Amino acid sequence: MTKRLKVAEILRTEPLNTTVQVKGWVKAFRNNQFLALNDGSTSTNLQVVVDFENTDSAIIDRIKFGAAIRAQGTLIESQGKGQKVELKATEIEIYGDCNPEEFPLQPKKQTLEFLREHAHLRFRTNTFAAVFRLRHKLAFAIHKFFEDRGFVYLHTPVITASDAEGAGEMFRVTTLPMDNPPRTESGEVDFSQDFFKRSTNLTVSGQLEAELGAMALGEVYTFGPTFRAENSNTTRHLAEFWMIEPEVAFNDLQDNMDLAENMLRYVIQFALEHCADDLKILEDRLIEEEKSKPQDQRSDMSLTEKLRFVVENEFVRLTYTEAIDILKNSTPNKKGKFQYPVEGWGTDLQSEHERYLVEKHFKKPVILTNYPAEIKAFYMRQDEPKEGVPGPTVSAMDILFPGIGEIVGGSQREERYDKLVRRMHEMHIPEEELSWYLDTRRFGTCPHAGFGLGFERLVLFVTGMTNIRDVIAFPRYPGSAEF
Ligand code: ATP
Ligand code: MN
């Protein structure tokens with residue numbers, strides 16, 4: 001039996017003049033002779049030269065774009081240009097025909113919108129195959145980054161009874177009959193009769209549970225799906241997305257920023273080193289896409305230049321208060337060009353403001369820190385009052401990326417029991433429900449910090465895609481949960 005080799009293996013080792021067998025899908029077939037075969041192991045196709053004089057014409061007729069086949073023959077140095085080796089086939093077997101009249105994909109450029117509607121088939125395009133190979137490599141790089149630094153990968157629950165942010169927007173999990181749920185005497189739905197004997201939902205973040213782990217294991221991270229029922233029809237939001245959440249005992253805000261920045265640099269560098277072929281495909285795609293934009297909206301850097309720029313340059317770090325000053329005095333604000341004018345200290349930044357800071361003012365990734373307590377979550381550490389800062393702030397940090405906006409949100413956590421409880425009361429977060437969380441502050445509490453990195457926003461940045469729905473295989477967003 002001749003061994004089956006993957007196309008990537010063949011191109012890596014080039015075992016010339018050996019008999020090999022490859023299996024894959026037809027990408028192109030011209031002159032009844034030159035067949036481009038791809039098996040997903042690499043973006044590069046293998047040229048298979050079909051011996052059309054000695055191959056059954058019924059077989060030749062079935063070699064169509066998209067068909068699954070097996071080819072066997074001798075690997076030789078390529079006669080044509082464009083590839084170093086080619087397979088001189090002596091045997092072709094068809095596994096699965098692909099009727100070009102019915103197959104929705106065509107061997108030509110198709111719009112991303114069209115492909116989103118055919119998401120079950122879009123892996124078969126060069127663009128999406130590259131996106132999903134890159135997504136895999138980035139996930140691997142994240143695990144490697146943490147593994148090399150002694151972190152423990154903690155699997156936090158998908159079904160929880162808590163809401164980490166203290167705000168709604170959760171998907172409920174229940175087995176109660178929807179049409180006629182049991183009711184309490186006062187008429188509310190009686191969740192004590194539900195599966196978990198309480199009301200539960202899909203997690204919006206694994207952070208609170210990760211903090212529990214960090215209080216013994218020291219350095220932990222989660223990497224799992226999170227769910228938000230927010231009705232955000234943007235190119236940056238999904239209802240189901242993956243989040244990486246490290247949590248580190250004894251880290252302060254500075255350590256937290258260093259960890260996040262090092263991690264982002266590491267995984268982007270990893271992609272540059274290990275995914276050159278796929279990045280090339282995506283870089284070319286982006287150049288094509290930008291051709292349809294007016295000159296001033298095109299980026300002045302190519303995709304890989306942009307990635308290298310992030311790896312080689314330190315992120316800018318400044319406080320929210322400093323950022324507000326810059327924004328207030330910015331040209332677009334003075335000329336009334338912002339949709340939301342920057343009024344002053346205390347308001348949340350809109351994505352147009354974040355993008356101005358990153359893309360126009362600093363032209364670099366930015367880490368904003370020490371946000372007003374009012375606009376951040378209850379668990380963030382309260383800062384000492386500071387001169388020139390109008391109100392109370394917390395040790396929060398958001399990392400803003402060009403073209404993306406917020407990619408990371410994190411903070412040093414409030415480790416002081418009294419201050420934490422006071423804040424929970426102020427924000428009307430019931431203490432009883434989070435008694436398990438408060439125990440960390442009652443027994444051996446310590447300074448600690450962590451953050452959440454939205455995985456799809458990272459993949460979006462590295463692949464240069466423009467819509468978050470194109471970097472997750474089966475996107476969930478308002479009105480759509482197909483496949
Ligand atoms: P945004 O303001 O962009 O909605 P957020 O402040 O709600 O973000 P966090 O709750 O801090 O975000 O979540 C941490 C990270 O998770 C964000 O920095 C972002 O990368 C990612 N993220 C948040 N919401 C979504 C979403 N709906 N879809 C995809 N990624 C998300
Ligand atoms: Mn949000």
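No experiment lies behind these values; they were computed from the predicted model shown. Whatever order the structure lists ligands and atoms in, that order sets their numbers, starting from 1.
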Salt-bridge criterion met for Asp148 and Lys144 (N-O under 4.0 Å):
yes
Here the atoms of ligand 1 under 4.0 Å from any heavy atom belonging to Ile468 are 29 (C)
In ligand 1, the atoms that come under 4.0 Å of a heavy atom of Gly409 are 18 (O)
Can you find a non-hydrogen atom of Glu456 under 4.0 Å from ligand 1?
no
A student checking ligand 1 against Gly452 at a 4.0 Å heavy-atom cut-off should list atoms 14 (C), 15 (C)
(message) Pair Leu272, Leu279 - check side-chain contact (heavy atoms from CB on, under 4.5 Å), show working.
(response) CA-CA 8 Å; Leu272 282 165; Leu279 282 174; 4.0 Å; yes
### Query
Thinking salt bridges, do Glu414 and Arg422 make one under a 4.0 Å N-O criterion?
no
Among Met243, His237, Arg476, the residue with a heavy atom nearest to atom 4 (O) of ligand 1 is His237
Looking only at distance, does Gly454 have an N or O less than 3.5 Å from an N or O of ligand 1? yes
Gln297 meets the side chain to side chain contact (heavy atoms under 4.5 Å, CB included) criterion, sequence neighbours left out, with Lys293, Pro294
task = Would you check the N or O atoms of Ile407, main chain and side chain alike, for any that come under 3.5 Å of an N or O of ligand 1?
result = yes
For the CD atom on Glu314, are there more than 12 heavy atoms of other groups (residues, nucleotides or ligands in this structure) within a distance under 6.0 Å? no
If we number the atoms of ligand 1 from 1 as shown, the ones under 4.0 Å from a heavy atom of Arg236 are 28 (N), 29 (C)
Can a cation-pi geometry be assigned to Arg124 and Phe65, taking NZ or CZ under 6.0 Å from the six-membered ring centre and within 45° of the ring axis?
no
Presence of salt bridge, Lys280 and Asp284, under 4.0 angstrom: yes
For Val408, the atoms of ligand 1 under 4.0 Å from one of its heavy atoms are 18 (O)
